[in-house]
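Data first, discussion second: the structure below is written as structure tokens.
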Number of protein chains: 2
Amino acid sequence: MASLKVPAKVPLPSEDAEQLHKAFQGWGTDEAKIISILSHRNAAQRALIRKVYLEAYGEDLIVALRKEISGDFESCVTLWTIEPSERDALLAHEAVAKKVNSSYWIVMEIACTRSSDDLFKVRQAYHARYKKSLEEDVMDQAKGEFRKLLAPLLTAFRYEEGNEVDLSLAKSEAKILHDKIAAKAYGDDEIIRILSTRSKPQLNATLNQYNDAFGSSITKHLKDDPKDEYLKLLRAAIKCLTYPEKYFEKVLRLSMKGFGTDECSLTRVVVTRAEVDMQRIKEEYHRRNSVTLESAISGDTSGDYAAMLLALVGHGDA
Amino acid sequence: MASLKVPAKVPLPSEDAEQLHKAFQGWGTDEAKIISILSHRNAAQRALIRKVYLEAYGEDLIVALRKEISGDFESCVTLWTIEPSERDALLAHEAVAKKVNSSYWIVMEIACTRSSDDLFKVRQAYHARYKKSLEEDVMDQAKGEFRKLLAPLLTAFRYEEGNEVDLSLAKSEAKILHDKIAAKAYGDDEIIRILSTRSKPQLNATLNQYNDAFGSSITKHLKDDPKDEYLKLLRAAIKCLTYPEKYFEKVLRLSMKGFGTDECSLTRVVVTRAEVDMQRIKEEYHRRNSVTLESAISGDTSGDYAAMLLALVGHGDA
């Protein structure tokens, strides 16, 4: 369930565009108004506002926002405002451009937690924006086991109508997974085939069978070498595919752990999940951390950035 | 260029549906009428006829056709009549169900010769029809190098707007290909990455660079062991990606070679290319065989089946 709160009576896109334009006028910028409008509109509404704004004022709303606000607040507002598929394409492109191992995580996260249709829209948006294919850039950079895992996850188009599962298939594939893991063949074709092609309900059934038959979850068995980066990514992919709320709870937790904040991760999770499953993530967060996500955010961030994040996670009224 | 001939003045879909319904009435079936209508309508027109037929007579046109006609003629007419993406899904599914090595060829052919958007539509049609994903079934069956090659080809979404190429990339990737082939590493990740992710114009530039730098085409260098099934498939994939008319000419040639005819292949190529590039395939065929495709078809087939094929390859008037 989403955390996004949309008012019962939503102003016309032209009214929202006008109010935003007013918020940009004069000496200061009216950040509170920007937040009060954009944080309470869904993707379709935001897209309309952006369209109407361009028609009315001859400037892309995103460009206008970038001129007025800055820092983490700017990233949060602009990432939130653009279309989800364009946003994912942008996040993936930024990650790939960094050319560091941690960038694989964002690519994996997008590949494993979006619906089949949404993932395909990301690939279309990447074409439109970067004149290349997403998998082309990822495979150009990723090597070895990372490439072997990421490419099929990213190009997957899983069946996702209905929840029927084939239990005998789940049993046989649980055994395949177990055999490969027992042989420490963590990058084996069969592991990757099962994870990257089966529907999420089917995969869930397989991992339940694994648990039943072999007395432990597959992720426990994949902790052979806790420092192995590939194994970490593999475990995270499994979590994203079968229990995304838990995965996102952990990203949020780590982003605010200890001294300092990882604003990139915090912003990314909030803007990409507010319209999807942030309610469930908040529940997981509260259960795991004994504080609410709202109070954690209030403690770790401040100012307009904090206000925007809090509005997106459903704090206060629309 | 297509070989399909559509009359200048196309009857209304309701008129076509009525004429087809009449052709099915009484003792015999009016095969000539079926051919004269369906072989001269494009995909959008055929889809409309099918829709209108269902509304008017309460029966799917394909089901009605199957009751009236049979054999190779039936396969040819029904495969032609259904939507191209549904047809490809069906061809791929039939191929995979056969569980023989030759079935990989059809899957590769679909993966490498359809546009990015069309290939994705095939994957959507496969979901709708078989409640699974195409790559799920293919990867379930294909093993080893075959799987390694087919999975990324099938899930590819190549960039295909514009024809710009990066020549320095083409040079560096030509060298990668050459090094891997020199080391007989034919199933190497890098070969598969380049073939499965680069845009077709870029790939073409790379293979031209290969030719220039290493004095021979890549396919010649991939003839190490002429009996190796994987190498055959790899060469065919390269041909499909860069010179599809030549690939299809060869499939047609082999389908009518010697005694007997491979009707499956003949029908498949004619129905899948008539609306795409059959004119170019016919030119290639004529050049390579010194007889026209029409006369080869007339010599190898007969009756309604021959008439349907000939109409589709553009023989006679619409």
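Here is the naming used below: chain letters follow the sequence lines, and residue numbers restart at 1 for every chain.
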Side chain, backbone, both or neither of [X] within contact of chain B (heavy atoms, under 4.5 Å):
X	result
A/Glu161	neither
A/Gln202	neither
A/Glu164	neither
A/Lys148	neither
A/Asp137	neither
A/Arg193	both

Report the distance from atom [atom1] of [X] to atom [atom2] of [Y], rounding to the nearest 0.5 Å.
X	Y	atom1	atom2	value
B/Thr155	A/Arg123	OG1	CZ	6.0 Å
A/Ile192	B/Met139	CD1	CE	8.5 Å
B/Lys131	A/Ser199	NZ	OG	12.5 Å

Problem - NZ/NE/NH1/NH2 to OD/OE distance under 4.0 Å, A/Asp189 and B/Lys143 - result: no
Exercise for the section: Select, from B/Arg147, B/Glu160, B/Gln124, the one with the greatest count of heavy-atom pairs under 4.5 Å involving chain A. Expected result: B/Arg147
Problem - Option in B/Ala151, B/Ala156, B/Pro152 with maximal non-hydrogen atom pairs under 4.5 Å from chain A - result: B/Ala156
What do you reckon, is [atom1] of [X] surrounded by more than 12 foreign heavy atoms closer than 6.0 Å?
X	atom1	result
B/Lys200	NZ	yes
B/Asn163	CG	no
A/Lys232	NZ	yes
B/Lys180	NZ	no

Exercise for the section: With a 4.5 Å cut-off on heavy-atom pairs, point out which of A/Val138, A/Ile194, A/Thr197 contacts chain B the most. Expected result: A/Thr197
Exercise for the section: Tell me whether the centres of the aromatic rings in B/Phe157 and A/Phe120 are closer together than 6.0 Å. Expected result: yes
Handout entry: A/Arg158 and B/Lys132, any side-chain heavy atoms less than 4.5 Å apart
Key = no
